[in-house]
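Step one of this worksheet: look at the structure below.
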Amino acid sequence: MLEAILLLFLILAWLSLLLLFAGLIRPVLVLWFLDRMNRLKVIKIYGLSVLLFIGIYVIINLLSGILF
């Protein structure tokens, strides 16, 4: 079960990174739900999500090594 959660966070991190690169090229592709689209918002939204998902992945991975 823990491996599935780790895999989920890893997939979400890679997907966010892919969307970050796509948004740097054409922001309208990934920020279609906002009224104003620029590259700074792409970096804020998807860059933060990449860091968040990688951080959660690392923390869970470290804690699973300690606990089990």
Side-chain angles (χ1 to χ4, degrees):
M1 180 67 180
L2 190 60
E3 292 86 13
I5 294 172
L6 285 173
L7 183 63
L8 175 70
F9 281 115
L10 195 60
I11 289 171
L12 287 173
W14 278 106
L15 182 65
S16 295
L17 188 65
L18 178 72
L19 291 173
L20 175 69
F21 287 137
L24 289 176
I25 296 169
R26 294 202 60 179
V28 71
L29 293 176
V30 295
L31 294 179
W32 52 269
F33 52 89
L34 295 177
D35 58 345
R36 297 181 62 89
M37 298 160 242
N38 57 18
R39 288 174 178 86
L40 185 60
K41 284 189 181 183
V42 171
I43 292 172
K44 284 180 183 177
I45 293 173
Y46 291 103
L48 182 65
S49 66
V50 168
L51 293 176
L52 181 72
F53 290 136
I54 289 176
I56 291 172
Y57 174 79
V58 167
I59 289 171
I60 291 174
N61 204 4
L62 288 175
L63 288 178
S64 68
I66 293 171
L67 297 176
F68 299 108

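Remember, predicted model here, so these are calculated numbers, not experimental data.
- Closest approach of Ala13 to Val50, counting heavy atoms only: O-CG2, 4.0 Å.
- Separating the OG atom in Ser16 from the CG atom in Leu48 is a distance of 9.5 Å, to the nearest 0.5 Å.
- Residues satisfying the side-chain contact (heavy atoms from CB on, under 4.5 Å) criterion with Leu10, sequence neighbours excluded, are Trp14, Tyr57.
- In terms of hydrophobic clustering, with Ile, Leu, Val, Met, Phe, Trp and Tyr side chains grouped at heavy-atom distances under 4.5 Å, Leu62 and Phe53 are assigned to a common cluster.
- Hydrophobic clustering (ILVMFWY, side-chain heavy atoms < 4.5 Å, transitive): Leu8 and Leu6 are in one cluster.
- Residue Phe33 is grouped with residue Leu15 when hydrophobic side chains (ILVMFWY) are merged at heavy-atom distances under 4.5 angstrom, including chains of intermediate members.
- Partners of Val42 according to the side-chain contact (heavy atoms from CB on, under 4.5 Å) rule, which considers only residues two or more places apart in sequence or in another chain, are Leu20, Pro27, Val30, Leu31, Tyr46.
- When hydrophobic residues (I, L, V, M, F, W, Y) are linked wherever their side-chain heavy atoms come within less than 4.5 Å, the members clustered with Leu7 are Ile11.
- Only one option out of Ile54, Ile56, Leu52 pairs with Phe9 in a side-chain contact (heavy atoms from CB on, under 4.5 Å); it is Ile56.
- In the hydrophobic clustering, where aliphatic and aromatic side chains (Ile, Leu, Val, Met, Phe, Trp, Tyr) are joined below 4.5 Å either directly or transitively, Leu40 stands alone.
- Linking ILVMFWY side-chain heavy atoms closer than 4.5 Å, directly or via other members, places Ile5 and Leu12 in a single hydrophobic cluster.
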Worked verdict on Leu17 versus Phe21 for side-chain contact (heavy atoms from CB on, under 4.5 Å): CA-CA 6 Å; Leu17 188 65; Phe21 287 137; 3.8 Å; yes
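- Listed by first then second residue, pairs satisfying side-chain hydrogen bond (donor to acceptor under 3.5 Å, both in side chains) with a partner in residues 31-40 number zero, not counting sequence neighbours.
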